[in-house]
Amino acid sequence: MIEFENVSFRYEKEKPVLDDVSFRISPGSKTGLIGANGAGKSTILKLLCGLEQGSGKITVGGLPVIPENLSAVRRQLGFVMQNSDQQMFMPTVYEDMLFAPLNYGVSREEADRRIDDVLARLNITELKYRHNHRLSGGEKRMAAIAVILANHPEVILMDEPTSALDPANRRMMIRTIRELPQTCLITSHDLDMILDTCETVILLHAGKVRAAGSAETILKDRQLLEECHLELPLSLAGKN
Ligand SMILES: Nc1ncnc2c1ncn2[C@@H]1O[C@H](COP(=O)(O)OP(=O)(O)O)[C@@H](O)[C@H]1O
Ligand SMILES: [Mg+2]
C-alpha cells in the first residue's frame, strides 16, 4: 500500500534527515513510526503527501508520489496533522466535514449521509454544529479525524495523535484508532499507544530505519530502544 525505496531527504542546506530509507506497509495494517525527536517521523508523512520531495521512490497504492500524480495520491490519503488548527478552517465541524466530499463531486445527500455515519461511529454526534474554535483540545482532535474520515481515504496518516491529550481523551483516541479499518501510519513517541494500536513498527534512528517488524518484539527490546534514545513502554517496563 505504501512503499519507500531508497529515499533520502534533507531540508535545504541542512544535514540529511533521511538517508537511504526503505520500508513497505501492507494494506489494512497499522504501523507505528517511532524515533526520538527530530528522527524524521513528520518528514516521512510530508514526503508521502508530496509536501516535500526527496530522492528515491515513494509509492502509495501503486502510484508514484510525483507532481503529476499528487491529486490522485492525496485522494487516497487522509492526513491528521499534529496541530488540528492547521487543518480545520471552516466555522463548524459540519462545514469542515462537508468541504472535501463536495469538492470531490460527492452529492450533498451522500455527503450528509457520510457525515452522520462518521460522527455516530466516532461517538461525537453532539459536536456536529459546534464551532471549531470553541472545541477543547480532545474534541478538536476527534473532529479532525471525523473530517478526514468523511472523505473516505484508503490510508490514514496521523502525526502524534495523542500528544497533549488528557488520559480520558487519550483512551478514546486509542479506541478510535483501533476501530479504523483503513491502513494507518501513526507517528508517536507515546510507545504505549503504539503498542495498543499497531501490529508493526518502524524505528528510525540517525536517518536510517534501525528496525522494522513486530511491534511487540521491537517495543520490548530495551537495549534497541535505548540506543535510539527511546524508553520501553510503561506497560512493558519492569517485565524484563
Ligand atoms: N521545515 C524545516 N526546515 C528545516 N529543518 C527542518 C524542517 N522541518 C523539520 N526539520 C528538521 O528535520 C529533522 C526531522 O524533523 P521531523 O521530521 O519533524 O522529526 P520528528 O517528527 O521525528 O520529530 C529535525 O532535525 C528538524 O529540526
Ligand atoms: Mg514530528
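Hydrogens, waters and symmetry mates play no part in the numbers below; they use all other heavy atoms, side chains included. Counting from 1, the numbers follow the sequence of the chain as shown.
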Would the distance check show the side chain of [X] and the main-chain N or O of [Y] forming a donor-acceptor pair, the cut-off being under 3.5 Å?
X: D192; Y: P233; value: no
X: K41; Y: A36; value: yes
X: R141; Y: P161; value: yes

What pairs with [X] under salt bridge (Lys or Arg N to Asp or Glu O under 4.0 Å), at least two apart in sequence or on another chain?
X: R24; value: E3
X: K140; value: D85
X: D20; value: none
X: E139; value: R130

Sequence-distant partners of Y94, ring-ring contact (aromatic ring centres under 6.0 Å, His included), two or more places apart:
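Testing Y94 for ring-ring contact (aromatic ring centres under 6.0 Å, His included), a comparison that skips the adjacent residues, returns Y129.
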Residue set satisfying ring-ring contact (aromatic ring centres under 6.0 Å, His included) with Y104, at least two apart, ordered chain then number -> none
When hydrophobic residues are tied together by side-chain contacts of less than 4.5 Å, even through go-betweens, does [X] share a cluster with [Y]?
X: L232; Y: L33; result: no
X: L18; Y: I25; result: yes
X: L230; Y: V21; result: no
X: I34; Y: V80; result: yes
X: I2; Y: L203; result: no

Parallel, tilted or perpendicular, judged at 30° and 60°: which one describes the rings of F89 and F99?
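The arrangement is perpendicular - the two ring planes meet at more than 60°.
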Side-chain atoms of residues 62-69: list all donor-acceptor pairs with protein atoms under 3.5 Å, sequence neighbours left out, distances to 0.1 Å.
residue	atom	partner	partner atom	Å
N69	ND2	P64	O	2.8

Could you tell me the separation between the [atom1] atom of [X] and the [atom2] atom of [Y], rounded to the nearest 0.5 Å?
X: M81; Y: Q87; atom1: CE; atom2: CD; result: 5.5 Å
X: E216; Y: L236; atom1: CD; atom2: CG; result: 7.5 Å
X: C228; Y: Q223; atom1: SG; atom2: CD; result: 10.5 Å
X: I186; Y: I156; atom1: CD1; atom2: CD1; result: 9.0 Å
X: Q53; Y: L70; atom1: CD; atom2: CG; result: 7.5 Å
X: C184; Y: L157; atom1: SG; atom2: CG; result: 9.0 Å

Hey, are the side chains of [X] and [Y] touching, using non-hydrogen atoms and a 4.5 Å cut-off?
X: M88; Y: H133; value: no
X: I44; Y: I202; value: no
X: M90; Y: L98; value: no
X: V7; Y: S55; value: no
X: L45; Y: E52; value: no
X: Q76; Y: M1; value: yes
X: F4; Y: L48; value: yes
X: V60; Y: L77; value: yes

Hits for side-chain hydrogen bond (donor to acceptor under 3.5 Å, both in side chains) against N151, two or more places apart or cross-chain, chain-then-number order -> none
Heavy-atom closest pair, residues [X] and [Y]:
X: S29; Y: S26; value: OG-O, 2.6 Å
X: P101; Y: A111; value: CB-CB, 4.2 Å
X: G138; Y: L165; value: CA-CD2, 3.6 Å
X: G32; Y: C198; value: N-SG, 3.4 Å

With no hydrogens and no angle check, do the side chains of E95 and T92 hold a donor and an acceptor under 3.5 Å apart?
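Checked: E95/T92 side chains pair up, N/O donor to acceptor below 3.5 Å.
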side-chain contact (heavy atoms from CB on, under 4.5 Å) for S22 and N6? Distances and angles first, verdict last.
CA-CA 5 Å; S22 301; N6 311 108; 3.7 Å; yes
Please, which pairs that meet salt bridge (Lys or Arg N to Asp or Glu O under 4.0 Å) have at least one residue in residues 96-114, sequence neighbours excluded?
R108-D112, E110-R113, E110-R114
Just wondering, are more than 12 heavy atoms of other shown residues or ligands nearer than 6.0 Å to [atom1] in [X]?
X: E126; atom1: CD; value: yes
X: E231; atom1: CD; value: no
X: E226; atom1: CD; value: yes

Walk me through it: do T59 and K57 pass the test side-chain contact (heavy atoms from CB on, under 4.5 Å)?
CA-CA 7 Å; T59 55; K57 189 171 177 199; 3.9 Å; yes
Among pairs that include at least one residue of [range], which meet side-chain hydrogen bond (donor to acceptor under 3.5 Å, both in side chains), considering only residues two or more places apart or in two chains?
range: residues 179-189; value: D159-T187
range: residues 162-175; value: T162-D190, D166-N169, R170-D190
range: residues 198-210; value: D19-K208, R210-E227

Could you give me the CA-CA distance, side-chain angles and deciding distance for I194 and L219, then say whether side-chain contact (heavy atoms from CB on, under 4.5 Å) is met?
CA-CA 9 Å; I194 295 291; L219 293 176; 4.0 Å; yes
Intermediate values then yes/no, side-chain contact (heavy atoms from CB on, under 4.5 Å), F23 and T31:
CA-CA 11 Å; F23 61 83; T31 302; over 6 Å; no
